[in-house]
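Just so you know, these numbers come straight off a predicted model, no measurement behind them. Residue numbers count from 1 along this sequence. Counting starts at 1 for both ligands and their atoms, in listed order.
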Amino acid sequence: MIVAMQENATEEQIDAVIDAMEDAGVDVHRTTGEFQTILAGVGPTAGLDLTKFEVLPGVLHVHRISAPYKLAGRAFRPQGTVVEFANGSAIGGEKVALIAGPCAVESREQIFATAACVKRAGGGFLRGGAFKPRTSPYSFQGLGIPGLELMREAAGANGLAVVSEVMEIAQIEPMLPYVDCFQVGARNMQNFNLLRELGQVRKPVLLKRGIAATVEELLLSSEYILSGGNYDVILCERGIRTYETATRNTMDISAIPVLKKLTHLPVVADPSHGTGRRDMVAPMAKAAVAAGADALIIEIHPNADKAASDAAQTLYLDQFEKLAAELRAIAAAVGRTL
Ligand code: PEP
Ligand code: MN
């Protein structure tokens with residue numbers, strides 16, 4: 001941490017700040033310039049609330065130098081994390097992974113037709129919600145465990161891995177036999193009890209960015225899972241809430257290279273929730289691959305207009321197959337395969 005003192009700070013004020021830093025276990029290195037004193041603090045600053053130094057008399061600014069997250073930081077694994085799945089697919093390697101499926105599992109016909117399409121398109125993962133976090137309690141809430149049974153069967157028949165959302169701790173155990181990857185939804189990004197519990201599980205977790213969360217908050221949330229010993233965490237940019245109303249959310253493409261720089265964890269982009277519009281999914285998917293995303297998660301449905309949830313942002317199966325082919329050229333242009 002760096003504490004910059006005000007130009008007129010007195011020796012007493014400087015000494016008081018040094019004492020407070022040392023009390024917090026930080027080693028202080030003082031630089032006295034012609035006009036200003038700078039205090040550099042080295043030590044365990046990750047858990048410190050820096051505001052407590054900012055409010056001391058004579059202090060101008062306090063800056064954090066090292067990241068408040070440790071296990072998620074790029075330095076922990078400079079080579080990057082590759083999350084591997086039993087079906088042979090991986091997320092974080094050279095190949096950009098495709099995760100696709102309906103917003104919600106609705107029927108056997110729907111999920112089998114969708115799974116076959118994901119396979120044809122070269123995807124390795126079938127997504128689909130069985131427990132749905134809907135804005136209104138009167139909207140379709142998902143099929144629950146019978147939905148997961150259908151997903152498992154359809155994924156198995158097509159060599160795909162299953163990704164599905166877990167909304168609460170009590171669902172983890174019953175979901176274990178059916179899912180290869182637990183999705184934590186945007187609304188639960190800061191459900192710290194759920195995150196801690198997923199740290200105890202030995203299955204990958206796809207953690208979505210909260211609708212109003214900063215990149216740092218997303219990384220701190222991942223730290224809850226990592227610190228439990230579960231290192232298979234995949235981060236997901238899915239759009240954030242801004243003042244813009246032209247799209248459902250604002251897809252923060254820049255979060256992708258930012259995350260790739262700050263963390264070793266793989267980054268997935270969700271252009272479906274990111275835009276909320278079928279006609280915007282393909283351009284944002286392409287932009288995400290160009291920006292360095294390790295995977296895409298896309299909502300598709302054989303009868304997209306009639307989907308029980310998120311119909312407006314859901315692609316028809318043929319649209320997805322066409323997109324996958326187009327994405328191959330983008331991936332090649334940035335040195336990846338797909
Ligand atoms: C979903 O993937 O269907 C979903 C509900 O996503 P999010 O949590 O990003 O809104
Ligand atoms: Mn959805």
Checklist entry - Do side-chain atoms of Arg152 reach the backbone of Val162 as a donor and acceptor pair under 3.5 angstrom? => result no

Give me the pairs of N or O atoms, one from ligand 1 and one from the protein, that sit under 3.5 Å apart.
residue: ligand 1; atom: 2 (O); partner: Arg127; partner atom: NH1; Å: 2.7
residue: ligand 1; atom: 2 (O); partner: Arg127; partner atom: NH2; Å: 3.4
residue: ligand 1; atom: 2 (O); partner: Gln183; partner atom: NE2; Å: 2.9
residue: ligand 1; atom: 2 (O); partner: Lys208; partner atom: NZ; Å: 3.0
residue: ligand 1; atom: 3 (O); partner: Arg127; partner atom: NH2; Å: 2.9
residue: ligand 1; atom: 3 (O); partner: Lys132; partner atom: NZ; Å: 2.9
residue: ligand 1; atom: 3 (O); partner: His273; partner atom: NE2; Å: 3.2
residue: ligand 1; atom: 3 (O); partner: Glu299; partner atom: OE2; Å: 3.2
residue: ligand 1; atom: 6 (O); partner: Lys208; partner atom: NZ; Å: 2.9
residue: ligand 1; atom: 8 (O); partner: Ala186; partner atom: N; Å: 2.7
residue: ligand 1; atom: 9 (O); partner: Lys208; partner atom: NZ; Å: 2.9
residue: ligand 1; atom: 9 (O); partner: Arg238; partner atom: NE; Å: 2.6
residue: ligand 1; atom: 9 (O); partner: Arg238; partner atom: NH2; Å: 3.4
residue: ligand 1; atom: 10 (O); partner: Arg187; partner atom: NH1; Å: 2.9
residue: ligand 1; atom: 10 (O); partner: Arg238; partner atom: NH2; Å: 2.8

Next on the checklist: Given 3.5 Å as the limit, does a donor-acceptor pair link the side chain of Asp252 with the main chain of Ala255, or not?
Outcome noted: yes

Checklist entry - Under 3.5 Å, is there a donor-acceptor pair between the side chain of Arg108 and the main chain of Ala154? => result no

Item to check | Protein N, O or S within less than 2.8 Å of the Mn ion (ligand 2), waters excluded | outcome: Cys103 SG, His273 NE2, Glu299 OE2, Asp310 OD2

Item to check | Heavy-atom donor-acceptor pair, Glu197 side chain to Leu194 backbone, under 3.5 Å | outcome: no

Checklist entry - Would you say Asn87's side chain and Gly124's backbone share a donor-acceptor pair under 3.5 angstrom? => result yes

Next on the checklist: Return the CG to CZ distance between Leu160 and Arg127, rounded to the nearest 0.5 Å.
Outcome noted: 14.0 Å

Checklist entry - Please walk me through it: do Val3 and Ile38 pass side chain to side chain contact (heavy atoms under 4.5 Å, CB included)? => result CA-CA 6 Å; Val3 179; Ile38 303 291; over 6 Å; no

Checklist entry - Ion pair present between Arg30 and Glu11, side-chain N to carboxylate O less than 4.0 angstrom? => result yes

Next on the checklist: Would you compute the distance between atom CD of Gln13 and atom CD1 of Ile18 and round it to the nearest 0.5 angstrom?
Outcome noted: 12.0 Å

